Amino acid sequence: MLCKSFSNYGDKMWSPSKERVKNSLMTSFIDFSIKNHHLTSNDWKSVVDWSNTKTSDFWLSVSDFCGVKWIQQNENDIFEPAPKGQLIGSRWFEGHSLNFAQNLLHDLKDEDQ
């Protein structure tokens with residue numbers, strides 16, 4: 001055994017401080033999603049449940065939070081799952097289009113060009 005403190009499966013290896021949690025991007029995303037995308041609670045189980053049951057809201061929130069700049073948006077569902085039990089076949093943001101370079105480089109426009 002390499003490390004005695006991790007001898008039991010499920011032992012917690014690390015927990016962030018309350019300050020670190022408060023200032024994390026995940027907390028910012030959760031707060032943003034509550035304000036803008038129908039997430040109703042900030043506890044982790046609610047976030048996971050929301051991402052699995054309101055999948056279109058979740059992915060739209062990810063897109064908005066990350067600042068994706070769309071050229072064209074479709075009003076239909078953002079996410080269509082694959083047939084039950086399959087991974088391949090899911091569709092995200094169908095009917096949407098973006099300029100990858102614009103999204104990749106947009107934060108650089110104010111820096112040295």
Side-chain angles (χ1 to χ4, degrees):
M1 180 169 18
L2 294 174
C3 184
K4 201 173 197 176
S5 65
F6 302 119
S7 61
N8 295 322
Y9 179 77
D11 283 354
K12 190 181 285 189
M13 294 174 56
W14 175 80
S15 290
S17 67
K18 288 182 181 186
E19 177 91 10
R20 190 170 194 155
V21 169
K22 178 182 166 194
N23 295 320
S24 71
L25 283 174
M26 182 58 77
T27 298
S28 296
F29 172 69
I30 290 169
D31 292 344
F32 175 85
S33 298
I34 287 171
K35 185 176 181 180
N36 299 293
H37 290 283
H38 309 111
L39 179 60
T40 57
S41 178
N42 68 352
D43 68 275
W44 187 246
K45 183 180 181 328
S46 295
V47 174
V48 171
D49 288 346
W50 172 68
S51 72
N52 286 304
T53 59
K54 302 288 186 187
T55 314
S56 289
D57 283 341
F58 170 77
W59 284 109
L60 184 59
S61 187
V62 169
S63 165
D64 289 348
F65 182 75
C66 292
V68 174
K69 297 179 184 324
W70 296 104
I71 293 171
Q72 178 181 347
Q73 289 183 276
N74 184 346
E75 295 301 318
N76 295 332
D77 279 346
I78 302 302
F79 173 78
E80 182 183 318
K84 191 160 182 85
Q86 295 182 20
L87 234 15
I88 298 173
S90 295
R91 296 173 185 261
W92 285 269
F93 300 98
E94 190 166 20
H96 287 59
S97 60
L98 57 81
N99 179 316
F100 183 73
Q102 177 189 22
N103 281 276
L104 185 65
L105 302 173
H106 79 274
D107 286 338
L108 300 177
K109 67 182 172 190
D110 295 327
E111 296 179 15
D112 293 339
Q113 296 180 2

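This structure is a prediction, so every number in the text was calculated from the model and none was measured. Heavy-atom basis, side chains included; hydrogens, waters and symmetry copies ignored.
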Value for CG (N52) from CZ (F58), rounded to nearest 0.5 Å, stands at 8.5 Å

- prompt: Is there a chain of hydrophobic side chains (I, L, V, M, F, W, Y, each step under 4.5 Å between heavy atoms) that links L25 to V21?
  reply: no

Q.
Ring-plane angle category for F93 and W59, please: parallel below 30°, perpendicular beyond 60°, tilted otherwise.
A. perpendicular

The reported gap from OG in S33 to CG in N42 (rounded to nearest 0.5 angstrom) is 11.5 Å

Would you say F79 and W70 are hydrophobically clustered, going by side-chain heavy atoms of ILVMFWY under 4.5 Å? yes

So CG of L98 and CD of Q73: to nearest 0.5 Å the spacing works out to 10.0 Å

Between the CD atom in E94 and the CD1 atom in I78, the distance rounded to the nearest 0.5 Å is 11.0 Å

### Query
Under the 3.5 angstrom rule, does the side chain of S97 hit a backbone N or O of I71 as a donor-acceptor pair?
no

Heavy-atom nearest pair, P83 first then I88, reads CD-O, 4.3 Å

What one should report as the nearest heavy-atom pair of F32 and H37 is CE2-CD2, 3.7 Å

Beyond-backbone contact of M26 with F29, side-chain heavy atoms, under 4.5 angstrom
yes

When every non-hydrogen atom of S46 is compared with those of D43, the smallest separation belongs to OG-OD1, 2.7 Å

Output for pair (F65 CZ, S28 OG), nearest 0.5 Å, gives 5.0 Å

Between the CG atom in D49 and the OG atom in S51, the distance rounded to the nearest 0.5 Å is 7.5 Å

Q. When you measure from the side chain of N103 to the backbone N and O of K69, does any donor-acceptor pair fall under 3.5 Å?
A. yes

Checklist line | Transitive ILVMFWY side-chain link F100 to L105, under 4.5 Å | finding: yes

